[in-house]
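Read the structure below first, then the notes.
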Amino acid sequence: MLNVFLGIIAIAGIVYLCIIFWQKYTVKQANKLYESKHELGSIPLNDEFKLANDLRLTGESKQKYDNLLSEYENLRGVTFPDIEEGIKLVNEDGKGINFIKTRRDLNLVHNMMEDADLSIKEIQANLAQLHELNKQHHLLVKDLEIEYENLKSEISEHKEEILPSFDAIQLKMDEANKTFLEFSTLTENGDHDKAEKVLGTLNNEIIDIKNDMKNIPSAYDKLKNVFPVQIDELKKGYNFSVNQKINFKDDNFNGRINNLNELINQSYEALSQLDLETSQSINTKIATIVDEMYARIEKEYSAQKRVEKNTKKIDEYLEFIRKQNVSLTRTLTKMNSNYVLDHSETENNRQITEQIKNIAKTVNDDKGAMKDGDAIYSLIDEQQSKTIKTLKQIKDTQDELYNSLIELPSKEQNATQALKEFDLEMRNCKRHLDSLNLPGMPNDYTEQFNGVIKEITKLDTAMNLPKINIDEISKQLIIIQSDMDNLNEYTDKLTDNAILAEQALQFSNRFVHSSETIATARIKAKEYFDKKFEYSKSLTVIATALENEQSGSFQKIENEYFAKKNNPNKLEEINKKAD
C-alpha cells in the first residue's frame with residue numbers, strides 16, 4: 001500500500017514538473033514572438049512611403065502606391081494589434097494547463113507573424129521598384145531622345161540608299177516619336193507602370209526601324225545597280241550571239257527581259273511599303289532568272305566553239321571510217337569467194353554502211369543549218385557527242401570484223417599444217433605397228449584406227465572445197481586431235497602388252513618341261529596372242545602363271561622393260577629384241 005502511495009506521489013511530481021516546463025516554454029516563445037513583432041514594427045516603411053509620395057506619382061503607379069499604403073496601414077492598425085493580443089493570450093494560456101489551446105494559439109500567432117513579415121517584404125520590394133522605375137525612366141528619356149535624333153540623322157544621311165522606302169520610314173519615325181512623347185509624359189507625370197508598358201512598344205518600334213535601315217540598302221542596291229547592269233549585259237550578250245548566228249531553243253528572250261523589269265517594279269513597290277520579305281523574295285526570283293539566262297547564253301556560246309572544233313574532227317573521222325568501210329567491203333568480197341562466212345559478216349557490213357550514210361546526212365544537215373544561220377549549237381553539240389561515240393563503235397566493229405576476216409587464211413594455213421601432221425603421225429603409227437611384226441590387231445583397235453583415218457580424209461576433203469568453212473574445219477581439228485590422243489594412248493598400251501607378252505612367253509620356255517601349269521598357261525597365252533590378237537589377256541595369263549611358279553619373275557621382266565622404254569637410247573634395242 002505504501003508503494004502505491006509512493007508511486008502516485010512520484011507521478012504527480014512528474015506531471016507538476018511537466019506543467020512548470022511547458023509554462024516556461026510558452027512564456028519564452030511568447031517573448032520571442034513579441035520581439036519579432038517589435039522588429040517588424042520598427043522597419044522604417046514610413047520614411048520609404050514618404051520618399052515614394054515625393055515622386056508625385058500618377059495613374060497606375062499612384063494606384064499601386066495607394067494600394068501599398070493601404071496594405072501597410074492595415075498591418076499597423078489591424079494585424080499588429082491582433083498579433084499583440086495573440087501574444088497576451090499565449091502568455092495567459094501558458095499559466096494554465098490547457099496545453100492544446102495554448103499550442104493552437106501559439107501556432108496562430110506564429111502564422112500571423114510570418115504573413116506580416118512576407119507582406120512587409122513585398123511592400124518594400126514594390127516601393128523599391130517604384131523608385132528604380134522613376135530613376136530609370138528619367139534616364140531613358142534623355143537616352144531615347146539622343147537615340148531618336150541619331151536615328152533621324154542616319155535616315156537623312158542615307159536617304160539615297162533607302163529612297164523607295166524613305167517616306168514609309170519617315171512615317172515609322174513619326175509613330176516612334178509619338179510613342180516617345182507618350183513615354184516621356186508618363187514619366188514626368190510619375191505614371192511609371194504605364195510608362196514601362198509604353199517603353200516596350202517604343203523599343204520594338206526602334207528595333208524595327210534599325211532592321212529596316214540594315215536590310216533596305218542591299219535590296220535597293222540590287223534593284224538600282226546590280227539587276228539593271230546584268231539585264232544590260234544579257235541584252236548585249238544576246239545580241240552578240242544573234243550576230244554570231246547563235247540561236248536558242250524556245251527563244252523568248254525579250255519576253256523574259258520584260259518579265260524581269262516587271263519583277264523589279266514589283267520589288268520597288270514592296271520596298272516602298274516596307275514589305276522587305278516580299279521584296280527579298282522577288283529579288284531572289286530575279287537573280288535565279290538572270291543566272292538561268294546567263295547560263296543559256298554561255299551554253300550556246302560554248303557549244304558553238306565545241307561544234308566548230310568537232311565538225312572538222314567528225315569530218316576526218318567519218319572519212320577514215322568510209323575508207324575503212326571500202327577496204328572492209330573489198331576484203332569481205334574476196335574472203336567470201338574462198339571461205340564460207342556464217343557470222344553475219346555481210347549483214348554487219350551492210351548495217352555499218354547504212355550507219356555511215358545516216359551519220360553523213362546528219363552532219364551535212366547540221367552544216368547546212370550553221371551555214372544558213374539556223375543552228376541551235378547546244379543541240380548540235382549533243383548530237384556530235386553521240387556521233388563521235390557512234391563512230392568509235394563503228395570503228396571498233398570494223399576492226400573486229402576485219403580481224404576476223406584476215407585471220408581466215410592464217411587459220412586455213414594452220415589447218416593445212418595440222419592435216420599434214422595428222423597424216424604423218426598416222427603413218428608413223430602404222431610403221432611402228434608394222435615394226436612389231438604382230439600376227440594381227442584387235443578389232444576395236446582397227447576400228448578406232450580406221451575411224452581416225454576417215455576423219456583425216458574428211459578433213460582433207462573439206463580443205464579442198466572451193467569455199468572453205470573455217471569454223472567446221474576448226475571443229476574437226478579438235479575432234480581429230482582428241483581421237484588421235486586416244487589412239488596414241490591405245491597404241492602405246494597395246495605395244496606394251498604385246499612386247500611384255502612376248503618376253504614373258506620366251507621366259508616361260510624355261511619352265512615348260514618342269515611345270516604343267518606353265519605349259520598349260522603358255523598354250524592359252526599363245527592362243528590369245530597368235531589367233532585372237534588379245535595381247536592384254538595373253539599377258540595376264542602368262543604373267544600370272546610365272547608369278548605363281550616363281551614369285552617376282554614377271555615383275556623383273558616388267559621393270560626392265562619400262563626402264564629401257566623410258567630411256568630413249570634403249571628404245572631401238574627393245575624393238576630389236578622384240579623382233
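Side-chain atoms of Glu205 and Asp208, non-hydrogen and from C-beta on, never get closer than 4.5 Å to each other. Side-chain contact between Tyr402 and Thr331 is present, with at least one heavy-atom pair separated by less than 4.5 Å. Counting heavy atoms from C-beta on, the side chains of Tyr377 and Arg306 never come closer than 4.5 Å. With a 4.5 Å cut-off on side-chain heavy atoms, Ile286 and Gln230 do not count as touching. Contact of the Ile264 side chain with the Ile231 side chain is registered, since non-hydrogen atoms from C-beta on lie closer than 4.5 Å. Counting heavy atoms from C-beta outward, Lys313 and Asn310 have side chains that approach closer than 4.5 Å.
When the salt bridge (charged side-chain N to carboxylate O under 4.0 Å, His left out) test is applied to Asp221, no partner is found at least two apart in sequence or on another chain. Scanning for side-chain contact (heavy atoms from CB on, under 4.5 Å) contacts around Thr353 gives Asn325, Asn349, Lys357, with sequence neighbours left out. Partners of Ala369 according to the side-chain contact (heavy atoms from CB on, under 4.5 Å) rule, which considers only residues two or more places apart in sequence or in another chain, are Ala375. Applying the salt bridge (charged side-chain N to carboxylate O under 4.0 Å, His left out) rule to Asp251 yields no partners; only residues at least two apart in sequence or on another chain are considered. Asp315 meets the side-chain contact (heavy atoms from CB on, under 4.5 Å) test with Thr311, Val363, Lys367; sequence neighbours excluded. Residues meeting the side-chain contact (heavy atoms from CB on, under 4.5 Å) test with Asn336, sequence neighbours left out: Leu341, Lys467. With sequence neighbours excluded, the residues that form a salt bridge (charged side-chain N to carboxylate O under 4.0 Å, His left out) with Glu319 are Arg322. A search for salt bridge (charged side-chain N to carboxylate O under 4.0 Å, His left out) contacts involving Lys334 returns nothing, not counting sequence neighbours.
For the 3.5 Å distance criterion, the side chains of Gln273 and Glu269 qualify, holding a donor opposite an acceptor.
No donor-acceptor distance shorter than 3.5 angstrom exists from the side chain of Asp232 to the backbone of Pro228, with no hydrogens or angles considered. In this structure, the side chain of Asn247 engages the main chain of Gly373 through a donor-acceptor pair within 3.5 Å. At least one donor-acceptor pair closer than 3.5 Å links the side chain of Thr362 to the backbone N or O of Asn358.
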Quiz item: Between Lys361 and Asp365, is a salt bridge (charged side-chain N to carboxylate O under 4.0 Å, His left out) present by the stated rule, with each step listed?
Solution: CA-CA 6 Å; Lys361 182 180 183 305; Asp365 290 345; 3.0 Å; yes
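Few gaps surround OH on Tyr317; more than 12 heavy atoms of other groups in view lie less than 6.0 Å from it. Surrounding CD of Glu233 are more than 12 heavy atoms belonging to other residues, nucleotides or ligands, all under 6.0 Å away.
Rounding to the nearest 0.5 Å places CG of Leu274 at 4.5 Å from CD1 of Ile169. Atoms OG and CD1, on Ser267 and Ile282 in that order, are 5.0 Å from each other to the nearest 0.5 Å. With values rounded to the nearest 0.5 angstrom, Asn259 atom CG is found 8.0 Å from Glu262 atom CD. Atom CG in Leu401 sits 8.5 Å away from atom CD in Gln398 (nearest 0.5 Å). Distance check: Gln280 CD to Lys222 NZ gives 7.5 Å after rounding to the nearest 0.5 Å. Rounded to the nearest 0.5 angstrom, Met293 CE and Leu234 CG are separated by 5.0 Å.
Applying the ring pair (Phe, Tyr, Trp, His ring centres under 6.0 Å) test to residues at least two apart or on different chains, the pairs with a partner in residues 228-259 are Tyr238-Phe248, Tyr238-Phe253. A salt bridge (charged side-chain N to carboxylate O under 4.0 Å, His left out) check over residues 270-294, counting only residues at least two apart or in different chains, returns the pairs Arg256-Glu292. Residue pairs meeting the ring pair (Phe, Tyr, Trp, His ring centres under 6.0 Å) criterion with at least one partner in residues 269-316, sequence neighbours excluded, do not occur; the list is empty.
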I'd like a table of donor-acceptor pairs (distance under 3.5 Å, sequence neighbours excluded) in which one partner is a side-chain atom from residues 388-397, with atom names and distances.
unit_1	atom_1	unit_2	atom_2	d
Thr390	OG1	Lys386	O	2.8
Lys392	NZ	Asp396	OD2	3.3
Lys395	NZ	Asp399	OD2	2.8
Thr397	OG1	Gln393	O	2.9

